[in-house]
Each structure stands twice: as C-alpha cells, then as structure tokens.
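Here is how names work: the chains are called A, B, and so on, in the same order as the sequence lines, proteins then strands, and each is numbered from 1. Atom set for the values below is all heavy atoms of this structure, side chains included, hydrogens, waters and symmetry mates excluded.
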Amino acid sequence: VLLASVLALGVYKSKSDARAARARLATLEEKVAEQREIARSLRAEAQYLQNPKRIEELARTELGMAPAAHAQQRELSSLDKPAP
Amino acid sequence: VSIAEAASPATLLAFRARMLAFALLGVFVLFGVRAMHLSVSGPPDRQAFKSGAPSAAVLRADIVDRNGVLLATTMPSWALAASPGAIWEPEEAARKIAGLFSDLDAATLARRLREGKGEIYLKRDLTAAQRDAVHNLGMAGLRLVEEPRRVYPNQELAGQVLGGVGRNLQGASGLERALDAEIRTAAREGRRVRLAIDTRIQHAAEQELAAAVARARAQSGAALVLDGRSGEVLAAASWPPLNPNSSVPSSDPSRVERVSQARHEMGSVLKPFTVAIALEERKLSLTETFVPGRTLEVPGYAIKDHEPFAEGPATIKEALAQSSNVVAGELALRVGAPTLKKYWTELGLTARSPIQIAESAAPVQPRDDGEATLATLGFGHGATMSLAALAGAYSVFVNDGALAPPTLLAREAGAKIRKRKVFSALTVQDVSLLMRDVVAEGTASRSDLHDLDIAGKTGTAELVKPGGGYDPNRVFSSFVAVFPARAPHYVIALSLDEPQRTPENGFLATGGAAAAPAVGLLAGRIAPFLGVAPAELASDQPRVGPTPGGAR
C-alpha cells in the first residue's frame with residue numbers, strides 16, 4: 001500500500017509538471033506566432049519604404065540624383081592611370 | 001425444496017448485503033482504473049484545443065523577385081461585424097466605435113445599427129491594434145471576423161502582372177490567378193514563390209515606358225525585358241499603371257495587362273521572321289537584288305511602299321533596314337501559306353503566350369489562305385498577337401535559332417531549359433546582322449541607339465478604322481531589340497498605342513522615333529544590373545548620320 005501511494009504521488013507530480021510545461025509551451029508558441037506576424041508586417045512595411053519608386057523620387061528631389069546614362073559608364077580597366 | 005424456503009430470513013439478508021458490497025467495490029475499482037488511466041493519458045481530445053485557426057501565411061505564400069525582394073505578402077487583418085438586434089443603445093455604441101476609426105461617422109453608424117438587420121459589416125481591414133481596441137470596448141453584439149489580407153508593398157510596381165486576389169484570398173487576376181495552385185502549395189510547404197522578375201529592371205522599364213508614353217502622348221504602352229537564353233521575364237510593364245492594393249473598376253484602362261493581354265497587328269517587327277523563313281527555306285539569298293518602288297499585285301489589293309527603300313537595285317539588307325512591305329510580301333508569297341504557318345506555330349505566334357498571367361490572350365488568326373492575306377502576313381498585318389508572344393519569338397535570335405518560351409518563374413540554377421529549334425544558327429546570324437543595319441542606318445538610326453551594340457526592328461502599324469480600312473493617323477508603334485548584338489542574350493520589346501507626332505519625337509510617331517529611343521535608354525540603364533559591361537554594349541560600328549525623311 002505504501003509503495004502504491006508513493007508511486008501514485010510520483011505519477012501525480014510528474015503529470016502536473018508536464019501540464020505546467022505544456023501550458024508554458026503553448027504560451028511560447030503563441031508568442032512566436034505573434035512575433036512572426038509582427039515580423040511579417042515589418043518586412044512589408046520596410047519593403048514599402050524602400051520600394052524603388054519611392055527611393056528614386058527621394059533621390060531625385062532630395063539629393064538631385066538621376067539614373068546613370070550608358071555614356072556615363074566606364075570600366076575600371078579602360079581608365080587612364082592617375083598621375084603619380 | 002427451494003433455497004429460499006430452506007434458508008432463514010437472516011441468512012438471506014446477510015447474503016444480499018454481501019452482494020451489494022461486492023457490486024459497490026466493483027464500481028469503485030472501475031472508477032479507480034479510469035481515474036488512473038485519465039491521469040496517465042490526459043483527456044482524449046486535448047490536441048483539438050491546441051491548434052487554433054491557421055495563420056495568414058498558411059493560406060498564400062509570399063511572392064518575391066529573383067533577388068528575394070518582397071512583392072506580395074499576406075497579413076493578418078480583421079473585419080468588424082455587428083448584430084444590430086443585440087445592441088441595446090445604438091447611439092452610445094456608434095459613438096464609441098466611431099471614436100476608434102477616423103473614417104467612420106457616428107451618425108451614419110448609429111442609423112445603420114438602428115435599422116440594420118442580421119449581421120452587418122461596419123469596417124474591414126482592421127490592424128491588430130484596432131482589433132484590440134474594439135475588443136477592449138467589451139460591447140455585446142460586436143464580432144471580429146478574421147480576414148487575412150493580401151498586400152503588395154511596392155504599390156504600382158508590376159501591378160498588372162501580379163494581379164490580385166478575391167475576399168477569400170482566391171487568386172482573381174494576373175499571376176496570382178495563373179499560379180494560384182503553386183502559391184497555395186508553396187504556403188503549405190513553407191516556401192516563397194520566386195519570380196524571374198528583377199525589381200530594379202522592372203522599375204527602370206516602367207519609368208522609361210512612362211517617359212516614352214509622355215513624350216509621344218500615347219494612349220497606352222507596354223515594355224518587356226526577357227533573358228532570351230532562359231526565357232525568364234525580367235520585367236513586364238504596362239502603362240497606365242495599376243496599384244493592386246486599391247480596387248479599381250474593371251473598365252478602367254489601367255486594368256488591362258498590356259504585355260500579354262492586349263493584342264495588336266504588330267506590323268514590321270515581324271519582318272525579320274519573314275526574312276529568316278525565306279532564308280531557311282532557300283527562297284532568298286543575301287546577294288539577290290530587289291528593285292525599289294515596285295508595286296506588288298495580289299488579288300484585290302496592290303501593295304506599295306511609302307517611298308522606295310533605295311535609289312537603285314538593292315539587297316535584302318536595304319529592304320529590311322528601310323522596312324519594305326513589298327519585299328516582305330513577296331518573300332511570304334515565295335514561301336507559301338503552309339510553310340509560313342508552320343514557322344509561325346513553331347515561333348509561338350499562333351497560340352497564347354505561355355507567360356503565367358491569367359489574362360494572356362490568344363492571337364487572332366486570318367480566316368483565309370489567299371495571296372492577299374499571305375502577303376500582308378509577311379509584313380505583320382492581318383493577324384493580332386501580344387507583345388509577350390512576339391518577344392518570345394525573338395528569343396530565337398539569342399539562342400542560335402532555338403526558342404525559349406517566356407516564363408515568370410525564376411529558373412533554378414542548372415535546371416534544363418526546354419528550347420525548340422526553329423531556325424539554323426546560320427540563318428539567325430544573317431538576320432541578326434540585317435537587324436544591326438536597321439539600327440546603324442535604317443529606320444531606328446535616328447534614335448539614341450548609335451552608340452549601343454543593339455540589333456532590332458521597328459514597327460509602325462496603322463490601326464484599323466471603325467468602318468474598316470487602315471487609318472494612317474492612328475498607329476501602333478514598337479521596337480524589338482536584341483542585345484548585346486555581338487553576343488546576344490536579352491530581348492527588349494517596347495510598344496506605344498497611338499503615339500502622336502510630338503516635337504519631342506521630331507514630329508514623328510513611328511516605331512523608330514517613338515519607341516526605339518526608349519529601348520536605347522532602357523538598355524543603357526539596365527546593363528549594369530545584367531552584368532553587361534559598358535564596352536560590351538558599346539557599338540563597334542562607325543557612327544552613321546540619321547537618315548533623313550519619313551523612314552518607317
């Protein structure tokens with residue numbers, strides 16, 4: 001009888017520990033899912049902010065930049081060596 | 001003698017009590033066993049409580065460009081629904097709800113809550129913060145419905161190509177519809193769908209197209225950049241642009257996908273194929289001379305050039321460079337209808353483009369095989385097709401005569417590409433040289449292409465009048481280019497619907513004047529993204545002055 005009750009107590013203890021761990025796991029999983037959704041929103045937001053149209057408009061109006069024409073492009077090897 | 005009679009009443013009572021005790025013991029043992037079983041195994045349907053509704057990402061995968069830039073994603077979103085019957089004080093409720101959303105008006109809301117029946121939707125596309133705010137009102141009769149939302153963070157970029165989804169996230173148009181199954185499968189497998197499109201090239205194409213449309217005051221336009229070796233579509237732009245995040249009525253011109261959905265009689269941009277077919281079938285030699293200014297007589301129709309393509313007898317080089325309809329028509333007649341059709345089919349000009357856009361439209365084919373029809377097909381009239389189909393056919397000029405069908409999905413590195421051999425390498429080399437002359441001294445020579453190593457063909461197709469016949473004042477102008485011409489790899493096609501004769505384009509509306517310069521600007525701008533070095537794209541040909549007169 002003593003052995004049986006010790007065993008029963010042991011089972012009860014491990015069961016309740018497992019239940020607590022499971023609850024913690026569920027909370028954590030929920031948190032992970034929540035953070036994933038937030039990351040997803042932030043990624044979309046970031047892409048909205050860096051979409052090429054917006055960047056080009058800013059570069060044009062704020063920095064006075066323009067797309068490089070073909071005639072402005074040279075290869076490094078085709079340039080003269082700078083004077084020493 | 002029976003037992004009952006034999007036993008005394010007292011013994012009978014003891015026997016009954018013992019039976020009852022045994023029965024009770026049995027029940028307790030059963031309870032005990034079940035209790036032990038439950039404590040070891042847990043409640044049977046515990047798993048069912050654990051998994052909630054599927055997250056938004058599970059329904060539809062993200063779409064990214066070839067470099068992983070986000071083009072489409074699914075975000076959690078909620079709709080606010082109300083059951084007016086369950087709301088006690090509509091005015092009070094309306095005031096509280098309107099306080100959360102700046103675009104809702106308390107008076108209108110109160111009226112809807114007073115008079116509405118069943119369940120009504122008050123607001124859609126709520127963010128997580130707005131959802132929590134509604135939740136905190138703690139009001140009866142309100143319900144939050146989860147409605148994941150598709151978001152296109154780059155706004156107009158590739159708007160028509162991406163298309164859109166319906167309320168239930170079902171693909172409704174564009175590649176969202178054409179690739180619906182793939183996008184759902186990818187979501188289940190936790191993948192993203194990777195497109196062939198390069199966001200930088202797409203943006204440059206859209207910009208140069210918009211600028212070309214503005215210069216020519218055209219009705220609409222399309223541009224396509226193709227990696228001709230793999231068939232990958234690097235950019236597909238339509239003007240007017242469309243923002244897939246906003247709902248636009250289906251009758252709006254921006255809803256037309258101009259690359260694969262819009263069809264046109266393409267005109268002279270098809271002549272390189274007529275020449276290639278004639279060369280391949282040995283119905284034409286490069287040294288043969290043609291007399292300019294001739295009229296080609298076909299039953300019921302006389303084909304003439306607007307002006308002679310040369311001063312004296314000249315070869316196919318001058319005829320193609322100055323885009324002679326007479327010579328192209330004659331070559332088609334030499335080849336014959338069955339052969340011409342066979343090649344057109346192999347070039348993909350008689351079927352809808354396989355590009356993964358739901359709206360991709362099938363071409364309209366001529367109804368008869370008569371000589372007049374055949375000759376007009378030779379210079380690109382009498383059949384309509386999409387720019388995507390046309391550009392796909394031009395891939396033969398970068399693959400030694402084999403065709404690589406256009407695709408919007410990125411090719412995996414090392415994946416086998418199924419190409420279809422149409423012409424011999426020699427034929428294609430010859431025609432490519434002829435197309436370099438179009439740029440060097442032909443109809444495209446007035447453009448900014450002089451210094452670029454580009455081969456191509458212009459097209460200026462008159463549009464059909466409402467009452468029949470062609471209208472010389474309304475044209476569809478285009479330019480299809482292959483570059484770098486010495487080692488061709490890419491195809492760029494750009495078309496303008498009804499360009500005007502504007503001062504910006506030298507008072508011309510031709511493909512050479514309106515479309516070709518934009519292709520030159522675009523090629524120069526995207527060359528660094530394609531890894532084409534400046535020297536590779538620089539022309540090694542001596543610069544020739546612009547040809548005077550109304551070259552087409």
> Excluding sequence neighbours, so at least two apart, what forms salt bridge (charged side-chain N to carboxylate O under 4.0 Å, His left out) with B:E206?
Replying inline: none
> Partners of B:E147 by salt bridge (charged side-chain N to carboxylate O under 4.0 Å, His left out), sequence neighbours excluded?
Replying inline: B:R124, B:R167
> Which atoms form the tightest heavy-atom contact between A:A44 and B:T73, and what is the distance?
Replying inline: CB-CG2, 3.9 Å
>> Suppose a student defines contact as a heavy atom less than 4.5 Å from any heavy atom of chain A. Which residues in residues 189-202 of chain B would they list?
In response: B:T199
> In terms of heavy-atom pairs under 4.5 Å, which option from B:G524, B:A527, B:A204 contacts chain A the most?
Replying inline: B:G524
> What part of B:L70 lies closer than 4.5 angstrom to a heavy atom of chain A: side chain, backbone, both or neither?
Replying inline: both
> Can you find a pair of side-chain heavy atoms, one from A:E34 and one from A:E29, that are under 4.5 Å apart?
Replying inline: no
>> Are B:P153 and A:N51 packed together at the side-chain level, in the sense that at least one heavy-atom pair is separated by less than 4.5 angstrom?
In response: no
> In Å, rounded to the nearest 0.5 Å, how long is the span from CG of B:L521 to CG of B:L452?
Replying inline: 9.0 Å
>> To the closest 0.5 Å, what do you measure between CG (B:L144) and NE2 (B:H135)?
In response: 7.5 Å
> Is there any salt bridge (charged side-chain N to carboxylate O under 4.0 Å, His left out) pair reaching into residues 57-68 of chain A, and which pairs are they, with sequence neighbours excluded?
Replying inline: A:E56-A:R60
> Who wins among A:Q47, A:R43, A:E30, A:E45 for the most heavy-atom pairs under 4.5 Å with chain B?
Replying inline: A:Q47
> When only pairs under 4.5 Å are counted, which of A:S14, A:A8, A:S16, A:S41 shares the most heavy-atom pairs with chain B?
Replying inline: A:S41
>> Report which part of A:A33 has an atom under 4.5 Å of a heavy atom belonging to chain B: side chain, backbone, both, or neither.
In response: neither
